[in-house]
**Q** 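To start, I am sharing the structure in question, which I have written as structure tokens.
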Amino acid sequence: MRAAPTILHLDMDAFFAAAEQASKPSLRGKPVVVGGLGPRGVVATASYEARRFGVHSAMPMGQARRLAPNAAYLVPRFAFYRAISGQVMELLGRLSPLVEPLSLDEAFVDLEAGGLADDSASARRVGERLRAEILATTGLTGSVGLAGSKMLAKIASEQAKPDGLVLFEPGTERELLAPRSVRIVPGVGPATGDHLRRAGISTVADVVEAGEDELVRILGRAHGASLYRMALGHDDRPVVAERDAKSVSVEDTFDVDLHDRLRIRLEVERLAERCVARLRASGHSGRTIVLKVRRYDFSTLTRSETLRGPTDDPLVVREAAERLLELVDTTGGVRLLGVGVSGLADYTQEDLFAQAEAGAAASAEPPRAAASATGTEAGSGEDGAAGDGTGPEGAAGAPGGLVAAVAVAAPGTAAEAAARSWSPGNDVRHAVLGAGWVQGSGLGRVTVRFEEPTSTVPGRVRTFAVDDPELSPADPLPLVAGGVTGAEPAAPAAPVVRAGG
């Protein structure tokens with residue numbers, strides 16, 4: 001524990017939903033829900049107005065619609081969110097060399113390392129200035145927590161929501177933690193929380209009263225001792241500026257189970273291409289290709305193949321994923337597919353791969369990427385092995401999960417591909433009427449509201465044929481004058497995606 005509250009935790013307020021409200025004046029002050037809109041979609045983020053109806057992150061979208069039938073339901077625009085996150089992370093980087101991003105909308109900052117704060121007063125000034133700069137730069141609000149440890153800083157930012165700042169003075173840890181649920185302690189998830197509750201331990205005060213020996217008996221040596229220290233307010237975890245990615249992965253959940261073997265193979269090829277694009281954007285290559293298949297009955301299988309050396313060749317990854325697919329029985333239907341690459345390195349193996357490809361090209365024969373495989377390892381398990389999703393749309397801690405949950409399967413026809421351009425919330429531009437966004441579409445028609453982030457009143461609504469030559473998809477407009485657009489950055493602004501508070 002530090003003697004001064006120089007660890008800052010920033011959490012953007014209802015980030016995805018707030019970004020949508022800021023870009024769409026007609027939605028400001030109204031319930032907005034962002035997530036997968038299909039029958040199997042889940043909520044990524046709900047605005048505070050929607051939360052009053054009981055809607056929350058990770059809730060099935062069907063349940064959210066029943067609770068808040070009049071809310072605006074929009075698809076996620078991850079490139080837009082990443083662009084805004086890049087602005088926020090840049091502001092944090094000016095405060096300290098030690099910035100630990102946890103997701104697009106959340107990060108720890110070590111103010112002591114930046115030399116900007118050494119007591120409560122200076123730390124508060126930095127926090128207030130940061131909140132003002134974020135608002136001026138992005139048009140969005142963030143909540144700040146300040147404390148002498150990461151655990152308490154995160155608790156403080158949660159207490160500060162929305163759009164506030166809370167500072168916990170060092171020395172008050174025991175008093176602050178005692179009445180709170182044991183679930184607030186890092187490492188205590190639903191399963192551990194239920195286990196402790198059955199033992200009569202529900203609050204942090206109960207943990208301290210039980211004592212270290214009892215916790216070790218219940219949870220084991222490492223977990224029990226760690227929980228007891230945390231309950232006493234002892235959290236010495238440092239702010240870590242660099243977190244090595246373990247894997248890069250992408251997943252898609254399909255609205256309707258896939259049965260056609262050719263369609264399944266095409267989806268695997270598409271996922272492999274997306275995975276390699278993220279792999280290259282992060283500056284990595286990898287040795288192990290992983291295929292994840294969730295079947296109609298929710299059973300999840302993973303298959304992996306380890307190559308001779310790391311690669312970022314899309315042909316190699318695609319063919320390895322196809323070989324792994326041959327090992328999986330898809331009879332009965334597939335509801336989710338994922339492709340990942342693990343065993344990451346920051347270089348690419350350039351031995352027999354390039355030579356073999358050059359030789360094959362010279363002889364007008366296709367290269368045999370399969371020759372790089374040294375064997376296949378099979379395994380299975382629920383949510384087992386597609387990695388931690390550290391690509392631009394992956395998630396550490398929720399993610400392969402989150403993004404897979406809100407993603408929509410790629411269309412199988414040109415008509416379906418065109419329809420995706422008109423998903424609710426997407427940006428469009430009309431040759432005469434200018435910028436707008438899709439309110440809804442169907443039966444060959446698309447309804448557009450024409451307004452911009454700087455509009456002072458809600459824009460007018462018009463309906464067009466989906467093939468109207470004057471209407472086309474567009475990039476998001478900046479939320480503030482001179483701000484960045486939602487164009488896809490060359491690399492992710494933060495290591496993970498999570499829908500935050």
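Each residue takes its place number in the sequence, starting with 1.
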**Q** Heavy atoms only: give me the nearest Ser47-Gln21 pair and the separation to one decimal.
**A** CB-NE2, 3.7 Å
**Q** Ignoring hydrogens and angles, state whether a donor on the side chain of Ser120 or Glu169 is under 3.5 Å from an acceptor on the partner side chain.
**A** yes
**Q** So do His284 and Val248 actually touch side chain to side chain, heavy atoms under 4.5 Å?
**A** no
**Q** Just by distance, do the side chain of Glu173 and the backbone of Gly171 share a donor-acceptor pair under 3.5 Å?
**A** yes
**Q** Looking at Ala107 and Val99, what are the two nearest heavy atoms and their distance?
**A** CB-CG1, 4.3 Å
**Q** Measure the shortest side-chain to side-chain distance between Pro424 and Tyr73 over non-hydrogen atoms and say whether it is less than 4.5 angstrom.
**A** no
**Q** So do the side chains of Val109 and Ile7 get within less than 4.5 Å of each other, counting heavy atoms only?
**A** no
**Q** Is any side-chain heavy atom of Arg274 closer than 4.5 Å to one of Val276?
**A** no
**Q** Just verifying a value: how many Å separate Ile289 CD1 and Arg323 CZ, rounded to the nearest 0.5 Å?
**A** 9.0 Å
**Q** May I ask you to check whether Asp13 and Thr141 show a side-chain donor-acceptor distance below 3.5 Å?
**A** yes
**Q** Let me see the working for His56 and Arg51 under side-chain contact (heavy atoms from CB on, under 4.5 Å), right down to the final yes or no.
**A** CA-CA 6 Å; His56 58 77; Arg51 295 181 191 190; 5.8 Å; no
**Q** I'd like to know if the side chain of Arg131 pairs up with that of Ser143 as donor and acceptor (distance under 3.5 Å, no hydrogens or angles considered).
**A** no
**Q** Sub-3.5 Å donor-acceptor pair from the side chain of Thr203 to the main-chain atoms of Asp206, do we have one?
**A** yes
**Q** Indicate whether the side chain of His9 and that of Glu106 have a donor and an acceptor atom separated by less than 3.5 Å.
**A** yes
**Q** Near Arg180 CZ, under 6.0 Å, is it more than 12 heavy atoms from other residues, nucleotides or ligands?
**A** yes
**Q** Would you say that Leu92 contacts Leu130 through its side chain, given a criterion of any heavy-atom pair below 4.5 Å between the two side chains?
**A** yes
**Q** Are Met12 and Val88 side-chain neighbours, meaning at least one heavy-atom pair lies under 4.5 Å?
**A** yes
**Q** For the side-chain hydrogen bond (donor to acceptor under 3.5 Å, both in side chains) test, which of Asp110, Asp235, Asp236 pairs with Arg2?
**A** Asp110
**Q** Please round to the nearest 0.5 Å and tell me the distance separating atom CZ of Phe15 and atom OG of Ser85.
**A** 5.5 Å
**Q** Does Ile155 reach the side chain of Val166, with side-chain heavy atoms less than 4.5 Å apart?
**A** no
**Q** Is Arg294 paired with Asp252 through a side-chain N to carboxylate O contact shorter than 4.0 Å?
**A** no
**Q** Between the main-chain N or O of Glu133 and the side-chain N or O of Thr137, is there a donor-acceptor pair closer than 3.5 Å?
**A** yes
**Q** From His223 NE2 over to Leu215 CG, what is the distance, rounded to the nearest 0.5 angstrom?
**A** 9.5 Å
**Q** Within a 6.0 Å radius of atom CD on Glu128, are there more than 12 heavy atoms belonging to other residues, nucleotides or ligands?
**A** yes
**Q** Do NZ/NE/NH1/NH2 and the carboxylate oxygens of Arg270 and Glu273 come within less than 4.0 Å?
**A** no
**Q** Where do Lys24 and Leu74 land on the side-chain contact (heavy atoms from CB on, under 4.5 Å) test, with the steps shown first?
**A** CA-CA 11 Å; Lys24 302 172 173 63; Leu74 309 175; 4.3 Å; yes
**Q** Taking all heavy atoms of Thr45 and all of Ser57, pick out the closest pair and write down the distance.
**A** CA-OG, 4.0 Å
**Q** Got a salt bridge between Glu90 and Arg94, using NZ or NE/NH1/NH2 to carboxylate O under 4.0 Å?
**A** yes
**Q** Might you work through the salt bridge (charged side-chain N to carboxylate O under 4.0 Å, His left out) test for Glu100 and Lys150, ending with a clear yes or no?
**A** CA-CA 11 Å; Glu100 182 179 343; Lys150 292 170 73 171; 2.8 Å; yes
**Q** As an exercise, state the distance from CD1 of Ile84 to CD1 of Ile134, rounded to the nearest 0.5 Å.
**A** 12.0 Å
**Q** If every non-hydrogen atom of Ala123 is compared with every non-hydrogen atom of Pro5, which pair is closest and at what distance?
**A** CB-O, 3.4 Å
**Q** Under 3.5 Å, which donor-acceptor pairs link side chains of residues 324-341 to any protein atom two or more places apart or in another chain?
**A**
from, atom 1, to, atom 2, distance (Å)
Asp329, OD1, Thr331, N, 2.9
Asp329, OD1, Thr331, OG1, 2.7
Thr330, OG1, Arg261, NH1, 2.8

**Q** Heavy atoms only: give me the nearest Asp255-Gly38 pair and the separation to one decimal.
**A** OD1-CA, 3.5 Å
**Q** Quick one: pull up CG in Asp213 and CD1 in Ile218 and give me the separation to the nearest 0.5 Å.
**A** 11.0 Å
**Q** Check step by step if side-chain contact (heavy atoms from CB on, under 4.5 Å) holds for Thr302 and Leu291.
**A** CA-CA 6 Å; Thr302 60; Leu291 176 72; over 6 Å; no
**Q** Restricting to non-hydrogen atoms, name the atom on Val204 and the atom on Ser181 that form the minimum distance, rounded to 0.1 Å.
**A** CG2-O, 3.9 Å
**Q** So Met59 and Leu67, side-chain contact (heavy atoms from CB on, under 4.5 Å) or not? Walk me through it.
**A** CA-CA 11 Å; Met59 172 182 286; Leu67 292 172; 3.7 Å; yes
**Q** Take the angle between the ring planes of Tyr81 and Phe16 and call it parallel below 30°, perpendicular above 60°, tilted in between.
**A** parallel
**Q** Quick check for you: to the nearest 0.5 Å, what is the distance between Phe80 atom CZ and Asn426 atom CG?
**A** 12.0 Å
**Q** Are Pro476 and Ser23 close enough that some pair of their side-chain heavy atoms sits under 4.5 Å apart?
**A** no
